[in-house]
Amino acid sequence: MRPGVERSVEGGACDGRSELELVKLRAAECIDEAAERLGALSRAIWSQPELAYEEHHAHRVLTHFFEREPPAASWAVQPHYQLPTAFCAEWEPPEARAPSAAPRLLHLGFLCEYDALPGIGHACGHNLIAEVGAAAALGVRGALEGLPRPPPPVKVIVLGTPAEEDGGGKIDLIEAGAFTNLDVVFMAHPSQENAAYLPDMAEHDVTVKYYGKASHSAAYPWEGLNALDAAVLAYNNLSVFRQQMKPTWRVHGIIKNGGVKPNIIPSYSELIYYFRAPSMKELQVLTKKAEDCFRAAALASGCTVEIKSGAHDYYNVLPNKSLWKAYMENGRKLGIEFISEDTMLNGPSGSTDFGNVTFVVPGIHPYFHIGSNALNHTEQYTEAAGSQEAQFYTLRTAKALAMTALDVIFKPELLERIREDFKLKLQEEQFVNAVE
C-alpha cells in the first residue's frame, strides 16, 4: 500500500461518508453507465449457446468487448490465453506500469464462464456469469481511475474460463499457470437465492465399458456373454449400495449403450456415472466402493470391464469466511437479502471447477437470485437467464463483487485475514503442500 493511500480512502468525506464508500459508489455508477453494453454482451452469448471448449462465438464477443471498451486500448487482451476459447484481459493504473513501480502489484482476478448445456442452452445462466465478471472488473477499473490521487498498485485481470459444464477449463488453466500470480479471485453464479457461499461438492466422473460376447438370443444364448446384464447389475449394485452411503454423498448415472437388437446378445455396454462428496478425501472412499460395484458386475456376468476416469476431478469449493462476510456486508447495502448462514452451509449444491481454483488462490463464488424461481438446468431457467428482469439482479451482484474487491485493495488487514482463512482451510483439507 502506498503511503497515504489507505488514510485518504478511509478518511471522512464532506457528506459524512468515508472516501472508500464514495469509491464504491463510483464503481456502482460505472457499472450502471455500462449497463446497456453489458446487457448486449449477455444476450449475445445467451442467443447462441455453445458447448464446452467450443465457445467460439462467446469467446469472440467477450474479447471484442474488452478490446473496444472505452477509453481505447485500456485493456490489454490476450485472445487465446492457454486454451483456444480462453482469454485474459488486464488493466492497471498508468503509474503501476513504470519500471520502478513498487511494491508488487496486487493481482485481482474476475472470472467469466460462457459454455452452455446440450439441448437446453444457457440453463445454468453462464451468460450472466460472463456479464457479472466483466461488469465487476469495469466497476473496479472505473473507481480507481476516478481517484484524485494515484491509486494503489493493483492489476485487474479478467479470465475467460471455458468448459465448466464438461471438462474443467479452469483446471486446464491452473495447470497452465494462469492462476499462479493471482491474489484473490471473484465470480458469481445464478441461482434461486442469494448466498455468499454454498458447499459445492467434490466430483469424479467415470465411463464404464463392459465387453461380452455376441450370440443369437433365441437359438444359442448360452454361447454369449451379456454386456447389458453387466450394466444392469452394476446399476443395481450401486442402487443397493445407497443404503450404506452417507447422506452427503451423491451417485447418479445413465446406461448410454445397451445393445443394438433384442435378438443379439449385447457384446458391449457403456455407463456414465458421477460421484460427489463434501471433500476430496470422502470422494476417494466413495469412488473406491463404486468401482468395486462395477467390477463385481463384470465377475458375475463373465464380462470384462474397463473403467475410465474423466479428464479432471472437480474439487470442493473451500469457504473463505472473511471474503464472503465482506461480500455480504456490501451486498446488504445494495438491498441483497441473503439466506441464513445455517441454510447456506447445509443447503443443496452441485459441483464446479471453481473448487479447484480455491485450492490454489483465495476466492469467492456467491450465488444470486435472478428474479425467477425456476431451477437450474431446466428450460425455464434458460428463459429466465435471457430475460430483461435478470439484468437488475446480475448487475447488482456485480456491484457487490466490485465493492468487495475495493475492500481487498484498500484494507490490507482484510487481505491478510483472507490469506489466513485460505491457509487454514487448506490445512483442514490436508492440501497444505499445494501452496508450499
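For this chain, numbers begin at 1 and follow the sequence in order. Since we're looking at a predicted model, the values are computed, not measured.
Judged by distance alone, the side chains of Asn373 and Gln380 never bring a donor and an acceptor atom under 3.5 Å apart. At a cut-off of 3.5 Å, with distance as the only test, no side-chain donor of Asp200 or Thr352 sits close to an acceptor on the other residue. For the residue pair Ser351/Glu203, the side-chain donor-acceptor check at 3.5 Å is not satisfied.
Around NZ of Lys289, the count of heavy atoms belonging to other residues, nucleotides or ligands within 6.0 Å does not exceed 12. In Gln244, the CD atom is crowded: over 12 heavy atoms of neighbouring residues, nucleotides or ligands sit closer than 6.0 Å. Within a 6.0 Å sphere centred on CD of Gln192, other residues, nucleotides and ligands contribute more than 12 heavy atoms. Atom CG of Asp166 has 12 or fewer heavy atoms from other residues, nucleotides or ligands within 6.0 Å.
Between Cys124 and His189, the shortest heavy-atom contact is SG-CE1, 3.3 Å. Shown here for Ala135 and Ala398, the closest heavy-atom pair between the two residues is CB-CB, 3.5 Å. Considering all non-hydrogen atoms of both residues, Arg26 and Gly142 come closest at CG-O, 4.2 Å. Taking each heavy atom of Glu113 and Ile129 in turn, the nearest pair found is OE1-CD1, 3.3 Å. Scanning all heavy atoms of the two residues, the minimum distance from Leu182 to Val185 falls at CD1-CG1, 3.6 Å. When all heavy atoms of Thr85 and Glu54 are compared, the closest pair comes out as CG2-C, 4.5 Å.
The six-membered or imidazole ring of Tyr268 lies away from that of Tyr210, with a centre-to-centre distance of 6.0 Å or more. Centroid-to-centroid, the aromatic rings of His126 and Tyr114 stay 6.0 Å apart or farther. Ring to ring, His365 and Tyr367 are close: their centroids are under 6.0 angstrom apart. With ring centers used as reference points, Tyr327 lies under 6.0 Å from Phe338. Ring-centre distance between Phe87 and Tyr81: not below the 6.0 Å cut-off.
Although no hydrogens or angles enter the test, the distance criterion places a donor-acceptor pair under 3.5 Å between the side chain of Ser349 and the main chain of Pro199. Asp313 places no side-chain N or O within 3.5 Å of a backbone atom of Ala202 that could act as its donor or acceptor partner. Formation of a donor-acceptor pair under 3.5 Å by the His107 side chain with backbone atoms of Phe179 is not found in this model. Within the 3.5 Å criterion, the main-chain N or O of His56 finds a donor-acceptor partner in the side chain of Glu50. In terms of modelled atom types and a separation under 3.5 Å, the side chain of Asp115 and the main chain of Glu165 share a donor-acceptor contact. Arg242 places a side-chain N or O within 3.5 Å of a backbone atom of Val251 that can act as its donor or acceptor partner. A donor-acceptor pair is defined here as one N or O able to donate and one able to accept, closer than 3.5 Å; such a pair exists between the side chain of Glu55 and the backbone of Ala163. Side-chain N or O atoms of Tyr314 include none that pairs as donor or acceptor with a backbone N or O of Phe354 at under 3.5 Å. In this structure a side-chain-to-backbone donor-acceptor pair under 3.5 Å is present from Ser387 to Ala384.
Here CG of Asp292 is found 3.5 Å from NZ of Lys288. Values are rounded to the nearest 0.5 Å. In this structure, His312 NE2 and Glu175 CD are separated by 5.0 Å, a value rounded to the nearest 0.5 Å. We find the OG1-CG distance between Thr394 and Asn127 to be 8.0 Å, quoted to the nearest 0.5 Å. We find the CD1-NE2 distance between Ile45 and His122 to be 6.5 Å, quoted to the nearest 0.5 Å. Note that OH of Tyr197 and CG of Leu323 are 12.5 Å apart. Values are rounded to the nearest 0.5 Å. Taken from CD1 in Ile254 to OH in Tyr274, the straight-line distance is 8.5 Å, to the nearest 0.5 Å.
Salt-bridge formation is detected for the pair Asp183/Arg104: a Lys NZ or Arg NE/NH1/NH2 atom is positioned less than 4.0 Å from an Asp or Glu carboxylate oxygen. Salt bridge Glu420/Arg417: absent, no basic N to carboxylate O contact under 4.0 Å. Taking a cutoff of 4.0 Å between a charged side-chain nitrogen and a carboxylate oxygen, Glu428 and Lys281 do not qualify as a salt bridge. A salt bridge is defined here as a Lys NZ or Arg NE, NH1 or NH2 lying under 4.0 Å from an Asp or Glu carboxylate O, and Glu291 with Arg295 meets this definition. Under a 4.0 Å N-O distance rule, the pair Glu341/Lys321 qualifies as a salt bridge. Look at Arg141 and Glu145 and you find a salt bridge, because one of the NZ, NE, NH1 or NH2 atoms lies within 4.0 Å of a carboxylate O, short of that distance.
Annotation: side chain of Leu414 is in contact with side chain of Ile418 (closest heavy-atom distance under 4.5 Å). At a threshold of 4.5 Å between non-hydrogen side-chain atoms, the residues Glu90 and Lys155 count as touching. The shortest side-chain heavy-atom distance between Cys112 and Val158 falls under the 4.5 Å cut-off. Looking at heavy atoms from C-beta onward, Lys399 lies out of side-chain contact with Asn330 at the 4.5 angstrom threshold. Residues Asn316 and Pro278 form no side-chain contact, since every pair of their non-hydrogen atoms from C-beta on lies 4.5 Å or further apart. At least one side-chain heavy atom of Leu128 sits less than 4.5 Å from a side-chain heavy atom of Ser42. The shortest side-chain heavy-atom distance between Leu159 and Lys170 does not fall under the 4.5 Å cut-off. Residues Glu282 and Phe275 are not in side-chain contact: their nearest non-hydrogen atoms beyond the backbone lie 4.5 Å or more apart.
Between Tyr393 and His369, the ring planes are perpendicular. Angles over 60° get that label, and only those under 30° would be called parallel.
Among the candidates Trp91, Phe110, Trp75, the single residue satisfying the ring pair (Phe, Tyr, Trp, His ring centres under 6.0 Å) test with Phe66 is Trp75.
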Step by step, work out the side-chain contact (heavy atoms from CB on, under 4.5 Å) result for Gln388 and Arg43. CA-CA 9 Å; Gln388 183 60 36; Arg43 286 189 296 274; 3.8 Å; yes
Step by step, would you call Thr382 with Trp46 a side-chain contact (heavy atoms from CB on, under 4.5 Å)? CA-CA 8 Å; Thr382 301; Trp46 179 86; 3.9 Å; yes
Evaluate the criterion side-chain contact (heavy atoms from CB on, under 4.5 Å) for residue pair Ile174 and Phe359; output intermediate values, then yes/no. CA-CA 10 Å; Ile174 289 170; Phe359 280 75; over 6 Å; no
Could you go through His59 and Leu83, starting from their C-alpha distance and side-chain angles, then the distance that decides it, and tell me whether this counts as side-chain contact (heavy atoms from CB on, under 4.5 Å)? CA-CA 11 Å; His59 172 268; Leu83 297 171; over 6 Å; no
